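Numbers for residues simply follow the sequence, beginning at 1. Source: prediction; values computed, not measured. Each ligand, and each atom within it, is numbered from 1 in the order the structure gives. The figures that follow rest on heavy atoms only: side chains count, while hydrogens, waters and symmetry mates do not.
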Amino acid sequence: MANEWFETVAEAQRRAKAYLPKSVYGALIAGSEKGLSSADNLASFDQLGFAPHIAGLANTRTMNTSVMGQEISMPVLISPTGVQAVHPEGEVAIARAAQNRGIPMGLSSFASKSVEDVAAANDKTFFQMYWCGDKDTLVQRMERARAAGAKGLIVTLDWSFSNGRDWGSPWIPEKIDIKAMVKLAPEVIVKPSWLWTFAKTGRIPDLTAPNMQKPGEKAPTFFGAYYEWMQTPLPTWEDIAWLRQQWGGPFMVKGVSRVDDAKRVVDLGATALSVSNHGGNNLDGTPAPIRALPAVADAVGSQVEVLLDGGIRRGSDVVKALALGARAVMIGRAYLWGLAANGQAGVENVLDVLRGGIDSSLMGLGKASTSELTRDDVVAPEGFFKPLGTR
Ligand SMILES: Cc1cc2nc3c(=O)[nH]c(=O)nc-3n(C[C@H](O)[C@H](O)[C@H](O)COP(=O)(O)O)c2cc1C
(Lines give C-alpha, C1' and ligand atoms only; values in the text may rest on other atoms or scores of the structure.)
Protein backbone atom coordinates (compact mmCIF):
# COMPACT_ATOMS: atom_id res chain seq x y z
CA MET A 1 0.00 0.00 0.00
CA ALA A 2 1.47 3.36 -1.03
CA ASN A 3 0.60 5.25 2.15
CA GLU A 4 -0.60 3.08 4.98
CA TRP A 5 -1.38 6.00 7.28
CA PHE A 6 -5.06 6.98 7.20
CA GLU A 7 -6.57 10.27 8.31
CA THR A 8 -9.99 9.16 9.52
CA VAL A 9 -11.71 6.05 10.83
CA ALA A 10 -13.94 6.11 7.75
CA GLU A 11 -10.86 5.59 5.58
CA ALA A 12 -9.73 2.71 7.82
CA GLN A 13 -13.17 1.14 7.33
CA ARG A 14 -12.91 1.52 3.53
CA ARG A 15 -9.55 -0.25 3.61
CA ALA A 16 -10.90 -2.96 5.91
CA LYS A 17 -13.74 -3.59 3.47
CA ALA A 18 -11.33 -3.86 0.56
CA TYR A 19 -8.98 -6.16 2.51
CA LEU A 20 -11.18 -8.56 4.47
CA PRO A 21 -13.12 -11.53 3.09
CA LYS A 22 -16.83 -10.68 2.88
CA SER A 23 -17.83 -12.91 5.84
CA VAL A 24 -15.19 -11.45 8.15
CA TYR A 25 -16.15 -7.88 7.21
CA GLY A 26 -19.82 -8.77 7.67
CA ALA A 27 -19.12 -10.15 11.15
CA LEU A 28 -17.60 -6.80 12.14
CA ILE A 29 -20.49 -4.78 10.69
CA ALA A 30 -22.72 -7.04 12.84
CA GLY A 31 -25.99 -5.34 13.91
CA SER A 32 -29.23 -7.24 14.44
CA GLU A 33 -32.74 -7.55 13.03
CA LYS A 34 -33.48 -4.38 11.01
CA GLY A 35 -30.30 -2.62 12.14
CA LEU A 36 -32.20 0.22 13.83
CA SER A 37 -29.93 0.44 16.86
CA SER A 38 -26.64 0.12 15.00
CA ALA A 39 -27.79 2.89 12.60
CA ASP A 40 -28.98 5.11 15.46
CA ASN A 41 -25.64 4.73 17.26
CA LEU A 42 -24.02 6.60 14.36
CA ALA A 43 -26.89 8.93 13.38
CA SER A 44 -27.31 10.21 16.94
CA PHE A 45 -23.78 11.66 17.03
CA ASP A 46 -24.44 13.44 13.71
CA GLN A 47 -27.48 15.14 15.26
CA LEU A 48 -25.39 16.73 18.01
CA GLY A 49 -23.62 20.02 17.34
CA PHE A 50 -21.11 22.20 19.16
CA ALA A 51 -21.25 25.74 20.60
CA PRO A 52 -17.70 26.97 19.85
CA HIS A 53 -15.65 29.94 21.06
CA ILE A 54 -13.30 31.79 18.73
CA ALA A 55 -10.81 33.77 20.84
CA GLY A 56 -9.23 33.34 24.23
CA LEU A 57 -8.72 29.67 23.42
CA ALA A 58 -6.36 27.44 25.40
CA ASN A 59 -2.94 26.96 23.80
CA THR A 60 -2.46 23.57 25.41
CA ARG A 61 -5.08 21.03 26.31
CA THR A 62 -5.11 17.94 28.53
CA MET A 63 -7.23 14.81 28.28
CA ASN A 64 -5.70 12.33 30.73
CA THR A 65 -8.01 10.78 33.34
CA SER A 66 -8.47 7.58 35.33
CA VAL A 67 -10.87 4.67 34.93
CA MET A 68 -11.27 1.68 37.26
CA GLY A 69 -8.12 2.69 39.15
CA GLN A 70 -5.92 3.04 36.06
CA GLU A 71 -4.32 6.32 34.98
CA ILE A 72 -4.98 6.71 31.28
CA SER A 73 -3.63 9.13 28.69
CA MET A 74 -6.98 9.92 27.11
CA PRO A 75 -10.63 9.10 27.87
CA VAL A 76 -10.80 6.15 25.47
CA LEU A 77 -10.71 2.40 26.21
CA ILE A 78 -10.64 -0.63 23.96
CA SER A 79 -14.07 -2.26 24.26
CA PRO A 80 -13.98 -6.07 24.26
CA THR A 81 -14.90 -7.70 20.96
CA GLY A 82 -15.03 -11.42 20.38
CA VAL A 83 -13.91 -11.57 16.79
CA GLN A 84 -11.83 -13.97 14.81
CA ALA A 85 -9.73 -13.97 11.69
CA VAL A 86 -9.27 -10.21 11.27
CA HIS A 87 -5.50 -10.35 11.76
CA PRO A 88 -3.12 -13.15 12.84
CA GLU A 89 -1.90 -11.12 15.86
CA GLY A 90 -5.50 -10.32 16.82
CA GLU A 91 -6.02 -9.00 20.33
CA VAL A 92 -2.27 -9.06 21.10
CA ALA A 93 -1.71 -6.41 18.40
CA ILE A 94 -4.61 -4.37 19.79
CA ALA A 95 -3.26 -4.68 23.34
CA ARG A 96 0.21 -3.51 22.27
CA ALA A 97 -1.22 -0.55 20.41
CA ALA A 98 -3.31 0.42 23.45
CA GLN A 99 -0.26 0.03 25.70
CA ASN A 100 1.82 2.27 23.43
CA ARG A 101 -0.89 4.92 23.58
CA GLY A 102 -1.44 4.60 27.35
CA ILE A 103 -4.96 3.23 27.41
CA PRO A 104 -6.65 0.07 28.76
CA MET A 105 -7.40 -3.06 26.79
CA GLY A 106 -10.78 -4.73 27.24
CA LEU A 107 -10.40 -8.42 26.35
CA SER A 108 -13.45 -10.49 25.45
CA SER A 109 -13.76 -14.00 26.83
CA PHE A 110 -14.68 -14.91 23.23
CA ALA A 111 -11.44 -13.41 21.88
CA SER A 112 -8.98 -15.36 19.74
CA LYS A 113 -5.94 -14.77 22.02
CA SER A 114 -5.33 -15.86 25.60
CA VAL A 115 -5.62 -13.48 28.54
CA GLU A 116 -2.03 -14.42 29.46
CA ASP A 117 -0.66 -13.15 26.13
CA VAL A 118 -2.84 -10.06 26.13
CA ALA A 119 -2.19 -9.02 29.75
CA ALA A 120 1.55 -9.46 29.10
CA ALA A 121 1.21 -6.92 26.27
CA ASN A 122 -0.97 -4.41 28.17
CA ASP A 123 -0.65 -3.73 31.90
CA LYS A 124 -4.12 -2.17 32.01
CA THR A 125 -6.07 -5.18 30.77
CA PHE A 126 -9.69 -5.58 31.83
CA PHE A 127 -11.10 -9.05 31.26
CA GLN A 128 -14.71 -9.30 30.01
CA MET A 129 -17.06 -12.12 30.91
CA TYR A 130 -20.60 -13.10 30.13
CA TRP A 131 -22.77 -15.06 32.56
CA CYS A 132 -21.79 -18.33 30.96
CA GLY A 133 -21.36 -21.75 32.58
CA ASP A 134 -21.83 -22.75 36.22
CA LYS A 135 -20.46 -20.77 39.16
CA ASP A 136 -17.32 -22.91 39.48
CA THR A 137 -16.53 -22.30 35.82
CA LEU A 138 -17.13 -18.56 36.19
CA VAL A 139 -14.76 -18.41 39.16
CA GLN A 140 -12.14 -20.50 37.37
CA ARG A 141 -12.16 -18.15 34.33
CA MET A 142 -12.06 -15.08 36.55
CA GLU A 143 -9.17 -16.42 38.63
CA ARG A 144 -7.25 -17.31 35.50
CA ALA A 145 -7.63 -13.71 34.33
CA ARG A 146 -6.55 -12.38 37.72
CA ALA A 147 -3.48 -14.64 37.74
CA ALA A 148 -2.61 -13.41 34.24
CA GLY A 149 -2.59 -9.83 35.53
CA ALA A 150 -6.03 -8.49 34.60
CA LYS A 151 -6.69 -5.27 36.54
CA GLY A 152 -10.47 -5.25 36.30
CA LEU A 153 -13.48 -7.29 35.31
CA ILE A 154 -16.13 -6.23 32.78
CA VAL A 155 -19.40 -8.12 32.94
CA THR A 156 -21.54 -7.69 29.86
CA LEU A 157 -25.25 -8.22 30.44
CA ASP A 158 -27.07 -6.94 27.36
CA TRP A 159 -27.09 -9.97 25.05
CA SER A 160 -30.45 -11.31 23.88
CA PHE A 161 -29.38 -14.16 21.53
CA SER A 162 -31.07 -12.51 18.56
CA ASN A 163 -29.46 -13.91 15.43
CA GLY A 164 -31.42 -12.64 12.44
CA ARG A 165 -30.42 -9.80 10.17
CA ASP A 166 -32.53 -8.42 7.30
CA TRP A 167 -29.37 -8.11 5.18
CA GLY A 168 -28.28 -11.68 5.93
CA SER A 169 -25.73 -12.99 8.41
CA PRO A 170 -22.24 -13.98 7.27
CA TRP A 171 -21.49 -17.69 7.22
CA ILE A 172 -18.89 -18.50 9.87
CA PRO A 173 -17.67 -22.10 10.01
CA GLU A 174 -17.34 -24.09 13.25
CA LYS A 175 -13.70 -24.71 12.31
CA ILE A 176 -11.52 -24.30 9.24
CA ASP A 177 -11.50 -27.76 7.67
CA ILE A 178 -11.43 -28.81 4.01
CA LYS A 179 -15.21 -28.38 3.68
CA ALA A 180 -15.07 -24.85 5.09
CA MET A 181 -12.08 -23.97 2.90
CA VAL A 182 -13.94 -25.04 -0.23
CA LYS A 183 -17.01 -23.05 0.76
CA LEU A 184 -15.01 -19.93 1.67
CA ALA A 185 -12.59 -20.17 -1.29
CA PRO A 186 -14.50 -17.87 -3.67
CA GLU A 187 -14.52 -14.96 -1.20
CA VAL A 188 -11.00 -15.57 0.11
CA ILE A 189 -9.35 -15.93 -3.29
CA VAL A 190 -10.34 -12.36 -4.19
CA LYS A 191 -8.63 -11.07 -1.01
CA PRO A 192 -5.01 -12.16 -1.62
CA SER A 193 -3.41 -9.72 0.84
CA TRP A 194 -5.57 -11.02 3.72
CA LEU A 195 -4.70 -14.58 2.71
CA TRP A 196 -1.01 -13.68 2.49
CA THR A 197 -0.98 -12.06 5.97
CA PHE A 198 -2.20 -15.35 7.45
CA ALA A 199 -0.15 -17.55 5.08
CA LYS A 200 3.08 -15.80 6.18
CA THR A 201 2.48 -16.98 9.76
CA GLY A 202 2.03 -20.59 8.60
CA ARG A 203 -1.25 -20.76 10.52
CA ILE A 204 -4.87 -20.56 9.51
CA PRO A 205 -7.41 -18.99 11.89
CA ASP A 206 -8.40 -21.79 14.30
CA LEU A 207 -11.66 -20.11 15.41
CA THR A 208 -11.32 -21.14 19.04
CA ALA A 209 -11.99 -19.19 22.23
CA PRO A 210 -8.91 -19.93 24.42
CA ASN A 211 -10.23 -18.02 27.43
CA MET A 212 -13.27 -20.32 27.61
CA GLN A 213 -11.08 -23.40 28.00
CA LYS A 214 -11.85 -25.61 30.99
CA PRO A 215 -9.05 -27.31 32.96
CA GLY A 216 -7.95 -30.52 31.24
CA GLU A 217 -9.96 -29.78 28.08
CA LYS A 218 -9.11 -28.28 24.71
CA ALA A 219 -10.11 -24.68 23.97
CA PRO A 220 -13.70 -24.78 22.67
CA THR A 221 -14.60 -23.51 19.24
CA PHE A 222 -16.28 -20.11 19.14
CA PHE A 223 -19.63 -21.83 18.54
CA GLY A 224 -18.97 -24.42 21.26
CA ALA A 225 -18.46 -21.56 23.72
CA TYR A 226 -21.57 -19.79 22.40
CA TYR A 227 -23.59 -22.97 22.89
CA GLU A 228 -22.45 -23.22 26.54
CA TRP A 229 -23.57 -19.61 27.03
CA MET A 230 -27.00 -20.22 25.41
CA GLN A 231 -27.56 -23.16 27.75
CA THR A 232 -26.76 -21.16 30.89
CA PRO A 233 -29.78 -19.92 32.89
CA LEU A 234 -29.93 -16.12 32.76
CA PRO A 235 -28.44 -14.29 35.75
CA THR A 236 -30.38 -12.50 38.48
CA TRP A 237 -29.14 -9.27 40.09
CA GLU A 238 -28.12 -11.44 43.08
CA ASP A 239 -25.96 -13.54 40.75
CA ILE A 240 -24.20 -10.41 39.51
CA ALA A 241 -23.70 -9.21 43.10
CA TRP A 242 -22.15 -12.64 43.85
CA LEU A 243 -19.84 -12.27 40.84
CA ARG A 244 -18.85 -8.80 41.98
CA GLN A 245 -17.96 -10.19 45.42
CA GLN A 246 -15.94 -13.05 43.98
CA TRP A 247 -13.86 -10.65 41.93
CA GLY A 248 -13.36 -8.06 44.65
CA GLY A 249 -11.39 -5.63 42.47
CA PRO A 250 -12.50 -2.96 39.96
CA PHE A 251 -15.74 -4.14 38.34
CA MET A 252 -17.71 -2.76 35.39
CA VAL A 253 -21.20 -3.67 34.25
CA LYS A 254 -21.51 -3.13 30.50
CA GLY A 255 -24.78 -2.77 28.66
CA VAL A 256 -26.83 -0.38 30.81
CA SER A 257 -29.54 1.69 29.12
CA ARG A 258 -31.98 2.42 31.94
CA VAL A 259 -31.68 4.56 35.04
CA ASP A 260 -33.36 1.93 37.25
CA ASP A 261 -30.80 -0.69 36.09
CA ALA A 262 -27.98 1.80 36.69
CA LYS A 263 -29.15 2.13 40.30
CA ARG A 264 -29.04 -1.66 40.72
CA VAL A 265 -25.49 -1.59 39.39
CA VAL A 266 -24.60 0.99 42.07
CA ASP A 267 -26.30 -1.15 44.72
CA LEU A 268 -24.16 -4.18 43.91
CA GLY A 269 -21.04 -2.09 44.45
CA ALA A 270 -19.71 -1.80 40.88
CA THR A 271 -16.85 0.59 40.16
CA ALA A 272 -18.08 1.52 36.69
CA LEU A 273 -20.85 0.98 34.19
CA SER A 274 -21.01 1.46 30.47
CA VAL A 275 -24.12 2.90 28.87
CA SER A 276 -24.21 0.66 25.84
CA ASN A 277 -26.42 -1.31 23.47
CA HIS A 278 -23.62 -3.67 22.45
CA GLY A 279 -22.89 -1.69 19.32
CA GLY A 280 -26.49 -2.26 18.20
CA ASN A 281 -25.88 -6.01 17.96
CA ASN A 282 -28.52 -6.89 20.46
CA LEU A 283 -32.14 -5.88 21.18
CA ASP A 284 -32.90 -3.91 18.04
CA GLY A 285 -34.79 -0.68 18.72
CA THR A 286 -32.76 0.13 21.83
CA PRO A 287 -31.90 3.83 21.45
CA ALA A 288 -28.32 4.94 20.89
CA PRO A 289 -26.49 5.09 24.25
CA ILE A 290 -25.70 8.79 23.79
CA ARG A 291 -29.46 9.50 24.03
CA ALA A 292 -29.77 7.63 27.34
CA LEU A 293 -26.47 8.83 28.84
CA PRO A 294 -27.41 12.16 30.50
CA ALA A 295 -30.24 10.62 32.56
CA VAL A 296 -27.95 7.82 33.78
CA ALA A 297 -25.09 10.24 34.53
CA ASP A 298 -27.45 12.55 36.47
CA ALA A 299 -28.82 9.66 38.52
CA VAL A 300 -25.65 7.75 39.41
CA GLY A 301 -22.64 9.71 38.10
CA SER A 302 -21.55 10.68 41.61
CA GLN A 303 -21.58 7.04 42.80
CA VAL A 304 -20.10 5.08 39.91
CA GLU A 305 -17.86 5.84 36.94
CA VAL A 306 -20.15 6.27 33.93
CA LEU A 307 -18.75 5.29 30.55
CA LEU A 308 -20.40 5.07 27.14
CA ASP A 309 -19.79 2.89 24.13
CA GLY A 310 -21.51 2.72 20.75
CA GLY A 311 -20.99 4.82 17.64
CA ILE A 312 -17.67 6.51 18.49
CA ARG A 313 -15.80 7.17 15.23
CA ARG A 314 -14.18 10.57 15.86
CA GLY A 315 -12.54 12.55 18.60
CA SER A 316 -15.47 14.96 18.45
CA ASP A 317 -17.80 12.04 19.31
CA VAL A 318 -15.70 11.42 22.42
CA VAL A 319 -16.00 15.08 23.38
CA LYS A 320 -19.79 15.02 22.88
CA ALA A 321 -20.08 11.99 25.17
CA LEU A 322 -17.90 13.62 27.83
CA ALA A 323 -19.89 16.85 27.67
CA LEU A 324 -23.08 14.84 28.21
CA GLY A 325 -21.79 13.11 31.32
CA ALA A 326 -19.41 10.25 30.41
CA ARG A 327 -16.07 9.93 32.20
CA ALA A 328 -14.62 8.06 29.22
CA VAL A 329 -15.78 6.08 26.19
CA MET A 330 -15.04 2.64 24.84
CA ILE A 331 -14.55 1.91 21.14
CA GLY A 332 -15.31 -1.26 19.18
CA ARG A 333 -15.50 -1.17 15.40
CA ALA A 334 -13.19 1.85 15.10
CA TYR A 335 -10.15 -0.14 16.28
CA LEU A 336 -11.27 -3.26 14.40
CA TRP A 337 -11.16 -1.26 11.15
CA GLY A 338 -7.68 -0.06 12.12
CA LEU A 339 -6.52 -3.60 12.90
CA ALA A 340 -7.77 -4.84 9.53
CA ALA A 341 -6.31 -1.87 7.66
CA ASN A 342 -2.79 -2.04 9.12
CA GLY A 343 -2.41 -4.38 12.12
CA GLN A 344 -1.01 -2.89 15.34
CA ALA A 345 0.06 0.30 13.53
CA GLY A 346 -3.51 0.65 12.24
CA VAL A 347 -4.91 0.50 15.78
CA GLU A 348 -2.34 3.10 16.90
CA ASN A 349 -3.36 5.19 13.90
CA VAL A 350 -7.03 5.06 15.00
CA LEU A 351 -6.09 6.06 18.55
CA ASP A 352 -4.02 8.97 17.20
CA VAL A 353 -6.92 10.07 14.99
CA LEU A 354 -9.21 10.09 18.06
CA ARG A 355 -6.64 11.94 20.18
CA GLY A 356 -6.23 14.59 17.48
CA GLY A 357 -10.00 14.97 17.19
CA ILE A 358 -10.45 15.31 20.96
CA ASP A 359 -7.74 17.94 21.05
CA SER A 360 -9.12 20.03 18.18
CA SER A 361 -12.66 19.83 19.60
CA LEU A 362 -11.41 21.02 22.98
CA MET A 363 -9.59 23.85 21.25
CA GLY A 364 -12.67 24.94 19.32
CA LEU A 365 -14.77 24.85 22.47
CA GLY A 366 -12.22 26.96 24.37
CA LYS A 367 -11.39 24.25 26.93
CA ALA A 368 -8.00 23.58 28.46
CA SER A 369 -9.07 20.14 29.69
CA THR A 370 -11.73 17.51 29.12
CA SER A 371 -12.75 18.09 32.76
CA GLU A 372 -14.05 21.57 31.78
CA LEU A 373 -16.63 20.20 29.33
CA THR A 374 -20.30 20.83 30.18
CA ARG A 375 -23.64 20.21 28.51
CA ASP A 376 -23.71 23.81 27.27
CA ASP A 377 -20.91 22.88 24.87
CA VAL A 378 -23.28 20.63 22.91
CA VAL A 379 -26.49 21.47 21.05
CA ALA A 380 -29.10 18.76 20.65
CA PRO A 381 -32.37 18.85 18.68
CA GLU A 382 -35.62 18.72 20.59
CA GLY A 383 -36.58 15.20 21.62
CA PHE A 384 -33.03 13.95 21.17
CA PHE A 385 -32.60 12.56 24.68
CA LYS A 386 -34.26 9.31 25.77
CA PRO A 387 -34.24 8.94 29.55
CA LEU A 388 -35.09 5.26 30.07
CA GLY A 389 -36.36 3.62 33.25
CA THR A 390 -36.87 6.83 35.18
CA ARG A 391 -40.30 5.94 36.60
C1 LIG B 1 -17.85 -7.75 16.02
C2 LIG B 1 -18.17 -7.38 17.42
C3 LIG B 1 -17.98 -8.30 18.46
C4 LIG B 1 -18.27 -7.93 19.78
N5 LIG B 1 -18.02 -8.80 20.79
C6 LIG B 1 -18.22 -8.42 22.08
C7 LIG B 1 -17.85 -9.27 23.16
O8 LIG B 1 -17.37 -10.37 22.97
N9 LIG B 1 -18.07 -8.81 24.42
C10 LIG B 1 -18.61 -7.58 24.68
O11 LIG B 1 -18.79 -7.20 25.84
N12 LIG B 1 -18.95 -6.76 23.66
C13 LIG B 1 -18.75 -7.14 22.39
N14 LIG B 1 -19.05 -6.28 21.37
C15 LIG B 1 -19.57 -4.94 21.68
C16 LIG B 1 -18.42 -3.93 21.88
O17 LIG B 1 -17.70 -4.18 23.06
C18 LIG B 1 -18.97 -2.50 21.97
O19 LIG B 1 -20.00 -2.47 22.92
C20 LIG B 1 -19.46 -1.97 20.63
O21 LIG B 1 -18.68 -2.43 19.56
C22 LIG B 1 -19.45 -0.45 20.66
O23 LIG B 1 -19.95 0.06 19.48
P24 LIG B 1 -19.00 0.55 18.27
O25 LIG B 1 -18.57 -0.67 17.55
O26 LIG B 1 -19.90 1.43 17.48
O27 LIG B 1 -17.84 1.30 18.89
C28 LIG B 1 -18.79 -6.63 20.05
C29 LIG B 1 -18.96 -5.72 18.99
C30 LIG B 1 -18.66 -6.08 17.70
C31 LIG B 1 -18.84 -5.07 16.60
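- For the pair Leu354 and Ile331, the minimum side-chain heavy-atom distance is below 4.5 Å.
- Less than 4.0 angstrom separates some heavy atom of Gln128 from each of these atoms of ligand 1: 7 (C), 8 (O), 9 (N), 10 (C), 11 (O).
- For Arg203 and Phe198, the positive end is not near the middle of the six-membered ring at less than 6.0 Å and at most 45° from its axis.
- The protein heavy atom nearest to atom 26 (O) of ligand 1 is Gly311 N, 2.8 Å.
- Nearest protein heavy-atom contact of atom 19 (O) of ligand 1 is Asp309 OD1, 2.5 Å.
- Classification of Arg355 and Glu348 as a salt-bridged pair fails, no side-chain N sitting under 4.0 Å from a carboxylate O.
- When each atom of ligand 1 is checked for a heavy atom of Gly310 under 4.0 Å away, the hits are 22 (C), 23 (O), 26 (O).
- Among protein heavy atoms, the minimum distance from atom 15 (C) of ligand 1 is reached at His278 CD2, 3.4 Å.
- Of the listed residues (Ile29, Thr81, Val83), the one carrying the non-hydrogen atom nearest atom 1 (C) of ligand 1 is Val83.
- Ion pairing between a basic and an acidic side chain is recognised when a charged N comes within 4.0 Å of a carboxylate O; Asp260 and Arg391 show no such pairing.
- Among all non-hydrogen protein atoms, the one lying nearest atom 10 (C) of ligand 1 is Tyr130 OH, 3.3 Å.
- Against a heavy-atom cut-off of under 4.0 Å, Lys254 is close to the following atoms of ligand 1: 10 (C), 11 (O), 12 (N), 15 (C), 16 (C), 17 (O), 18 (C), 19 (O).
- If you check which protein heavy atom lies closest to atom 5 (N) of ligand 1, you get Gly82 N, 2.9 Å.
- Remark: Lys320 is positioned above the aromatic ring of Phe50, its terminal NZ or CZ atom under 6.0 angstrom from the ring centre and at most 45 degrees off the axis.
- Applying the 4.0 Å criterion to heavy atoms of Arg313 picks out, from ligand 1, the atoms 24 (P), 26 (O), 27 (O).
- Arg313 is listed as a side-chain neighbour of Arg333, based on a closest heavy-atom distance under 4.5 Å.
- Counting the atoms of ligand 1 from 1 in the order shown, those under 4.0 Å from a heavy atom of Ser276 are 19 (O).
- One option in Pro80, Gly332, Ala27 has a heavy atom closer to atom 17 (O) of ligand 1 than any other, and that option is Pro80.
- Heavy atoms of Asn281 found under 4.0 angstrom from ligand 1 belong exclusively to the side chain.
- For ligand 1, the polar-atom distance check against Ile331 finds no nitrogen or oxygen pair separated by under 3.5 Å.
- The Arg333 neighbourhood of ligand 1 comprises atoms 23 (O), 24 (P), 25 (O), 26 (O), 27 (O), 31 (C), with distances under 4.0 Å to a heavy atom of that residue.
- With a 4.0 Å cut-off on non-hydrogen atoms, Thr156 touches ligand 1 through its side chain and not its backbone.
- Outside the 6.0 Å centre-distance limit, the rings of Trp337 and Tyr19 are not counted as a close aromatic pair.
- Contact annotation: for Ala334 versus ligand 1, there are no heavy atoms closer than 4.0 Å.
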